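Side chains included, hydrogens not; waters and symmetry mates left out as well; all remaining heavy atoms used. The chains referred to below are lettered A, B, ... by the order of the sequence lines, with proteins before strands, and numbering in each begins at 1. The structure displayed is predicted, hence computed values, not measured ones.
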Amino acid sequence: MRASRRLKVEIEALHEIIDDLDYYGILLVDPDCAPHEIGDAFRRESRRLHPDRMSSLGDAGAQEHANDIYRLVNEAYRVLKDPEQRGQYDQLLTEGVHRMTDDARAGAAAEKRSNDPAHAAKHPKAETYWKMALRDWDSKSFRSCVMNIQFALNFEPDNEVFREWFEKAKVARDEAESKREKNPYKLRLM
Amino acid sequence: MGISVGIDLGTSNSVVATVWDGQAVVLADADGRSVHPSVVAFGYGHSVVVGQPARQQLAYAPENTVFSAKRLIGRRFGSEEVDRIRRAVSWGVAEGPRGDARVRVQGKVYAVQEISAHVLAHMKSIAEMATGQAVDGAVITVPAYFNDQQRQATRDAAQIAGLNCLRIINEPTAAALAYGYGQGHRQHIAVYDLGGGTFDISILRLDDELFEVVSTAGDTFLGGDDFDMVICDHLMAEFQAQTGVDASQNPAARAKLLDASERTKRALSKVPAVAVKVPGLGRDEAGNAVGLSTTLDLNAVQRLTMPLIQRTFSVVDEALAQANLTPQQIDGVMLVGGMTRFPLIRQAVGHYFGKEPLDHLNPDQVVAQGAAIQAWNLTSFSDSPDAVLLDVTPQTLGIRTVGGFVEPVIGRNTPIPTSMTKVFHTAQDNQVEVRVQVFQGESRMAADNESLGEFVLSGLRPAPRGEVKVDITFAIDADGIVRVTAQDRETGNAVDMTLEASSNLTSEEVEEMRFDEVGF
């Protein structure tokens with residue numbers, strides 16, 4: 001019975017502080033440890049902290065805390081075992097973020113996205129036309145692309161990205177049209 | 001204090017085991033049988049018979065005898081899978097109040113959970129008769145590839161049966177536990193589990209007492225039943241060729257041939273050729289009773305079943321790829337499920353992995369034994385545990401986004417228990433409700449995945465769009481069952497949430513279906 005009490009005390013103490021720990025702290029490894037040490041640490045902590053060990057004690061509260069802890073152990077392992085995610089996480093750590101949540105991930109993605117024209121629109125109506133314009137661009141329907149950017153600009157006349165693409169699309173349209181003129185075998189559908 | 005048991009609730013057969021004197025032993029009934037058909041037969045009035053006697057009724061009252069009901073559990077009426085089962089079984093399939101598939105017998109409609117509950121109650125009574133002690137709790141196994149709905153339905157079946165379900169665990173994981181328990185192995189093993197109705201492959205890393213599932217894949221529509229049906233179709237065609245009589249629309253003839261197919265398949269596990277004689281399948285034009293008389297050998301059956309066997313290996317490929325391993329890196333291959341007794345399967349598995357499968361274990365019993373060990377683990381404390389199971393979720397959990405796509409929230413093969421929080425913003429001004437549709441499966445399109453239901457968050461604060469943020473936490477517990485909670489980020493208040501469009505039983509229904517307590 002002593003061993004089970006010790007485990008309970010350990011679980012409760014860990015539960016108090018676990019929200020302050022980063023993934024390295026949860027797995028009890030050095031932040032610059034080798035990749036194989038992550039797996040070893042996960043297995044060591046699983047042996048120690050797996051919530052199934054608590055289930056025979058019939059203490060619902062401690063069981064729930066053990067579940068909370070182990071979910072974080074799994075989360076830490078999931079992120080750290082993947083070199084790419086570990087790299088992202090290390091970056092987040094320098095910004096004081098401990099957990100690789102959806103939000104944190106989204107933050108990292110948002111930075112990437114700011115350079116991505118797909119998210120240039122702010123007004124919802126402009127967005128509709130802007131998306132259509134980008135689709136037109138992909139399918140090389142430049143005439144329609146110019147038209148849709150024009151519509152988008154009606155809602156956001158000052159949007160830099162729109163203006164830039166507007167010029168680009170006009171050039172592409174004229175280029176395409178001059179080519180088409182030279183091809184007498186193609187029908188023009190206007 | 002009673003005992004805790006492990007129950008392998010199979011498509012065709014079920015087994016119950018317990019840990020006795022430190023050994024996982026399979027419990028037999030009064031006739032000495034340890035494998036019990038998962039068959040429930042309805043007689044006149046309200047009489048219900050389960051197991052071997054029920055199986056015997058299959059021959060003369062097939063429409064009142066429910067077999068392979070597990071294939072329907074947690075499935076929707078009208079789905080492609082359910083239509084396939086309907087064509088294959090002699091009993092009726094009906095639509096439940098929430099679009100779930102149910103069983104219709106003698107004009108009465110039963111939830112599939114009720115049928116499974118009869119089997120579970122039968123297993124419980126066998127264990128109580130064998131040990132002379134009450135059963136306090138049970139670990140019940142399910143195919144690893146079962147989704148949330150199917151797991152929840154299995155839990156509900158236990159509750160209807162009055163059985164305290166300690167845990168739902170995966171069949172291959174249980175098998176691995178029975179194999180590696182107390183052996184101190186350090187190796188990678190593959191568990192090839194071909195049961196009556198489902199196929200699972202799990203890759204595990206064994207490290208002494210730690211049983212870590214690295215990846216799992218499966219097909220919940222591929223099992224021994226399909227082999228029987230292929231053979232049955234062949235026999236049906238053979239019968240028509242011999243006699244000119246078409247018996248394919250006659251349920252009694254079909255049941256007889258299906259039974260003959262199953263027995264033929266079993267016999268072919270021991271001998272290379274079998275004579276098949278099935279009398280009384282129909283009447284010819286002159287009104288004489290005609291039957292089938294033919295022979296089947298292994299080669300013929302191999303030709304018929306090769307496409308099915310090949311299907312299992314494309315699933316194995318997938319699991320190995322997910323585990324980042326090659327067949328050569330697998331140290332041992334376990335065969336589980338009655339269907340793996342079939343010599344063609346053993347051969348194909350041996351060939352694929354380049355090594356003979358481990359064969360010192362009984363493929364019919366290992367799953368129940370492993371479940372019994374886990375039941376023991378969960379009910380007795382040990383300073384240094386003998387076994388710690390680390391399992392994964394078999395299918396990706398995601399939510400529907402614009403355009404009918406699915407955004408993954410928790411990927412397949414993520415260790416459980418686990419949780420993931422997503423932030424939702426209101427999309428319109430003064431929006432007070434958010435609707436979230438949850439799916440499970442690997443397709444990018446929502447329509448091709450299994451819908452788990454729809455959550456409606458209501459009572460949001462009216463505000464300009466994007467201002468209200470709700471944290472929705474998706475958690476998968478140790479049973480592999482999904483739980484969703486929502487919280488208003490600003491106020492920290494839990495958001496009211498109702499689950500709609502789920503085909504599961506409501507707790508009221510479960511309570512209503514509950515069998516009367518039979519004291520032991």
If you count every heavy atom of other residues, nucleotides or ligands that lies below 6.0 Å from [X] atom [atom1], does the total exceed 12?
X        : atom1 : result
B:Trp376 : CH2   : no
A:Tyr129 : OH    : no
A:Lys81  : NZ    : yes
A:Arg44  : CZ    : yes

- Considering only heavy atoms and a distance below 4.5 Å, find which of B:Lys422, B:Arg465, B:Arg167, B:Gln374 pairs most often with chain A. B:Lys422
- Query: Taking side chain as C-beta onward, heavy atoms only, is B:Arg205 less than 4.5 Å from A:Arg43?
  - Reply: yes
- Message: When you compare the side chain of B:Leu378 with that of A:Asp52, does any pair of heavy atoms fall below 4.5 Å?
- Response: yes
- Pick one of side chain, backbone, both or neither for B:Ser419, based on which atoms fall under 4.5 Å of a heavy atom in chain A. both
- Query: Relative to chain A, which segment of B:Thr379 carries a heavy atom at a distance below 4.5 Å: side chain, backbone, both, or neither?
  - Reply: backbone
- In terms of heavy-atom proximity below 4.5 Å to chain B, should A:Leu72 be classed as side chain, backbone, both, or neither? neither
- Item | Lys/Arg-Asp/Glu bridge criterion (N-O < 4.0 Å) met for A:Arg47, B:Asp208 | no
Work out which heavy atom in [X] is nearest to a heavy atom in [Y]; give both atom names and the distance.
X       : Y        : answer
A:Tyr77 : B:Glu212 : OH-OE2, 3.8 Å
A:Tyr70 : B:Ile416 : CE2-O, 4.3 Å
A:Arg71 : B:Thr418 : CD-C, 3.5 Å
A:Ser46 : B:Leu210 : CB-CD1, 4.4 Å

- Query: Side chain of A:His50, backbone of B:Leu390: donor and acceptor closer than 3.5 Å?
  - Reply: no
- Would you check if the side chain of A:Asn74 reaches a backbone N or O of B:Pro417 as a donor-acceptor pair within less than 3.5 Å? yes
- Message: Rounded to the nearest 0.5 Å, what separates atom CG in B:Asn377 from atom OG in A:Ser56?
- Response: 9.0 Å
- Message: Please report the interatomic distance NZ(A:Lys8) to CZ(B:Phe381), rounded to the nearest 0.5 Å.
- Response: 9.5 Å
